[in-house]
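Encoded as structure tokens, here's the structure I'll be asking about.
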Amino acid sequence: MKSSDTFSANSSANNSTNHNGDAVAGSTAPAPSNFIRHIIEQDLQTGKHNGRVQTRFPPEPNGYLHIGHAKSICLNFGVAKSNNGFCNLRFDDTNPEKESQEFINAIKADIEWLGFHWSGEIRYASAYFDALYEFALQLIRAGKAYVCSLSPDQAREYRGTLTTHGTPSPYRNRTVEENIDLFTRMAAGEFAEGVHSLRAKIDMASPNINMRDPVIYRIRHVHHHQTGDKWPIYPMYDYAHCISDAMECITHSLCTLEFEDHRPLYDWILQNLDIATLHRASDSKEGVESYVLPRQIEFARLNINYTVMSKRKLKELVMQGYVKGWDDPRMPTLSGLRRRGFTSASIRNFCDRVGISRSESVVDLGMLEHSIRDDLDKSAPRAMCVLRPLKVTLTNYPLDSLDGPEVLELSCHPKEESMGKRKLPFARELFIDASDFEEIPPPQYKRLSPGTEVRLRGAYVIRCDQVIKDAEGKPVELLCSYDAATLGVNPQGRKVQGVIHWVPAQYAIDVEVRIYDRLFSKENPDDKTIGDYKECLNPESLVTLTGCKAEPSLKLAAPEAGFQFEREGYFCVDRYDSTPDKMVFNRTVTLRDSWTKISS
RNA sequence: UGGGGUGUCGCCAAGUUGGUAAGGCACAAGGUUUUGAUCCUUGCAUUCGUUGGUUCGAGUCCAGCCACCCCAGCCA
């Protein structure tokens, strides 16, 4: 045990030993070093924002959050927290047809589960529609935006290609009056979808296609989950996002690499708006003179091998029934990982370990597995559960006595005594796992085989005397004898190497165990040479085992409770399908396993 | 044949102003162990995509080359 001196010697280094301490925002290690934190440090030094750090996490509510979002969440909230700043949650809801309240609710729940707290009320880009509309009028009056009446197809032709410049729209030089008239009528719902759009007047010859008079408003006669039927026009991302950031006084607008080419547009919009108006529309409580525009900074999105991360593909897996929902334990969604048994701390740690950079990279799934093992090894109580039961009868163990069974006490954790002990009856008839017996033991096999001994974890040493087989020659029962002198002590004069888990037959509870494995069998399901990513779906990503035998103490386990089933892995009680009468456990991850390496 | 990016160990990733390659994962070898788990110890890039240049000295500066990623939605 640690002495109290050890604790007082270095307070900051011992954060990790603080089990149920501050569960918020991965704070066990010193803040990671990355280019974004460097930029912020610099801005703090130069006093660019008066020492203020304000970030935001801006999901579009068109799907569930996945672990890639967790990277962004940890970054945005983490960077704000360690600089005494704040992070907003803003729904980027400018394209209502793909969005829904269901997604908004799920996203909120996932962020809370991850352990982060957003600053103030939840924000919505849609809450800024009035302001956005006024700013559009301002651009029009300044001759910096115009109503274009090209069809989407025509607009594409006018835009030019990657290597050839575009051609100005014939509507580019409409008068301010005409533009205002048309735009006002667009907003009044007078026109059908597609007949007009509002465009920023920038440069059709720009080598950056985003600057070739991008559309900033389109006509969409659809219901919006927040604003109802108020608007027949909706702003585009490029236009709404930068203004929303500015209105929320965001200092550092962090996004992924694919928006790099949009940065000039982000800056153009803000720089072409009247700063005083922007300031007035913003959250700022200081004067205009200290009002500084936000800076967009891009970082690489998260990729993990053996999985897909695009929302489109995840949605497809759900919609076409390849998985059982957004929260299927095989999904890389936060709700899926949660249901699988991942703790939020493990995900935060994973994000810290992965780091932030600008190079596109593919993280090994092993890193995620390490993060959850690392957490659960320390925090998960141990228990025994036999997945593929094989009956064992201890021929020399007394038959049931009237006093009831012999009851053993086992520690819930090998190191953490504070986790207490659990009771487990011992009996003449037991179950062990079928894989812990081999009639013809392979080299270095340390488990049970005819004539050899093993230790039953937390109980006695037993020896296999006889194998009873069925008609096909498969072992169905083992007749063993136990050594009564080996409870809590090693036998004298011989060494018993193997230790196996077991469960008393008549006191065990029947449970269902779902064995999950990676969803894809190829490292890169997106590889074009595979064809469709669904071709490499792993047919064994889910194997359901029924009739598993769990120790009776598990009966009390609550939904989502995580355990280490000794020698098998980490498992959790399924939060939806498990009932007291029919418990269901999900395998979160296996234990590290050097035996299968040795044996193969 | 346009523009914007990225290239440091098998996988991530630090490398402030040029001064002689952090850390994690994985892997390997030992030790402890009533989980073939955990834990502990040790090992694991004379080299930073590549070729040249500047310099006493370059992953860090300069030039050329190569590879890969992103962009032509009235999606985000």
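We use all heavy atoms of the structure for the numbers below, so side chains are in, but hydrogens, waters and symmetry mates are not. To find a chain, count down the sequence lines: A is the first, B the second, and so on, and within it residues start at 1. None of the values given here were measured: they were computed from a predicted structure.
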Pairwise salt bridge (Lys or Arg N to Asp or Glu O under 4.0 Å) hits with a residue in residues 358-372 of chain A, at least two apart: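 For residues 358-372 of chain A, and leaving out neighbouring residues, the salt bridge (Lys or Arg N to Asp or Glu O under 4.0 Å) pairs sorted by first residue read E260(A)-R358(A), E298(A)-R358(A), E369(A)-R373(A).
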
Touch class at under 4.0 angstrom, heavy-atom based, for P264(A) against every strand present: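 Counting heavy atoms under 4.0 Å across all strands, no contact is made by P264(A).
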
Watson-Crick/G-U partner (both atom distances under 3.5 Å) of rC65(B):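 The answer is rG49(B), by the H-bond criterion.
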
Touch class at under 4.0 angstrom, heavy-atom based, for M384(A) against every strand present: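 Nothing, no nucleic acid heavy atom in range.
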
Residues which pass ring pair (Phe, Tyr, Trp, His ring centres under 6.0 Å) with F437(A), listed by chain and number, not counting sequence neighbours: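 Ring pair (Phe, Tyr, Trp, His ring centres under 6.0 Å) check on F437(A) returns nothing, list empty.
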
Closest heavy-atom pair and its distance - A187(A), Y133(A):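 Looks like CB-CE1, 3.5 Å.
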
Sugar-phosphate only, base, or nothing, as touched by R358(A) at under 4.0 Å among non-hydrogen atoms: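 Sugar-phosphate: the residue R358(A), judged by heavy atoms under 4.0 Å, touches backbone atoms but no base.
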
Sugar-phosphate, base or nothing in reach of R455(A), heavy atoms under 4.0 Å: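 R455(A): base contact, heavy atoms under 4.0 Å.
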
Outermost RNA chain B nucleotides near chain A [under 4.0 Å, heavy atoms]: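 Going 5' to 3' along RNA chain B, contacts run rG2(B) to rA76(B).
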
5'-most by nearest nucleotide on RNA chain B - L150(A) or G498(A):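 By nearest-heavy-atom nucleotide position, the 5'-most residue is G498(A).
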
Complementary nucleotide for rG59(B) - Watson-Crick or wobble, under 3.5 Å: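 Pairing partner: none.
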
Under 3.5 Å side-chain donor-acceptor pair for S82(A) and R37(A):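 S82(A) vs R37(A): donor-acceptor pair found between side chains.
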
Comparing Q444(A) and E193(A) on RNA chain B - which has the more 5′ nearest nucleotide: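 First, find each residue's nearest nucleotide; the 5'-ward one identifies Q444(A).
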
Qualifying salt bridge (Lys or Arg N to Asp or Glu O under 4.0 Å) pairs, either residue in residues 194-212 of chain A, two or more places apart: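 Counting only pairs at least two positions apart or across chains, no salt bridge (Lys or Arg N to Asp or Glu O under 4.0 Å) contact touches residues 194-212 of chain A.
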
Pair Y128(A)-E248(A), side-chain donor/acceptor within less than 3.5 Å: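 Checked: Y128(A)/E248(A) side chains pair up, N/O donor to acceptor below 3.5 Å.
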
Residue-level proximity of residues 194-201 of chain A to RNA chain B when a heavy atom falls under 4.0 Å: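 Output list: G194(A).
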
Sugar-phosphate, base or nothing in reach of G488(A), heavy atoms under 4.0 Å: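 The residue G488(A) makes base contact.
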
Donor on one side chain, acceptor on other, T164(A) and T161(A), under 3.5 Å: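 There is such a pair between these side chains.
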
Side-chain H-bond candidate by donor/acceptor type, T529(A) with D527(A), under 3.5 Å: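 Yes, because at least one side-chain N or O of T529(A) sits under 3.5 Å from a partner of the opposite role on D527(A).
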
Nucleic acid contacts - residues 203-218 of chain A versus RNA chain B, non-hydrogen atoms under 4.0 Å: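 Listed by number, they are P207(A), I209(A), V215(A), R218(A).
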
Positive for ring pair (Phe, Tyr, Trp, His ring centres under 6.0 Å) with H196(A), one of Y171(A), F191(A), Y146(A), F183(A):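 Testing H196(A) for a ring pair (Phe, Tyr, Trp, His ring centres under 6.0 Å) against Y171(A), F191(A), Y146(A), F183(A) leaves exactly one candidate, F191(A).
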
Sugar-phosphate, base or nothing in reach of K597(A), heavy atoms under 4.0 Å: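 Answer is sugar-phosphate: K597(A) comes under 4.0 Å of backbone atoms only.
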
Touch class at under 4.0 angstrom, heavy-atom based, for R159(A) against every strand present: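 Sugar-phosphate contact only.
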
Pair N349(A)-S371(A), side-chain donor/acceptor within less than 3.5 Å: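 There is no such pair (donor and acceptor under 3.5 Å, judged by atom type) between the side chains of N349(A) and S371(A).
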
Touch class at under 4.0 angstrom, heavy-atom based, for H501(A) against every strand present: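 Since no nucleic acid heavy atom lies under 4.0 Å of H501(A), the category is nothing.
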
K522(A) to Y306(A) six-membered ring, cation-pi geometry met (6.0 Å, 45°):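 No, K522(A) does not sit over the ring of Y306(A).
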
N-glycosidic conformation, rG73(B) - syn within 90 degrees of 0, else anti: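 This nucleotide is in syn.
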
Side-chain ion pair, E409(A) and K423(A), N-O less than 4.0 Å: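 Counted as a salt bridge, because a side-chain N and a carboxylate O are separated by less than 4.0 Å.
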
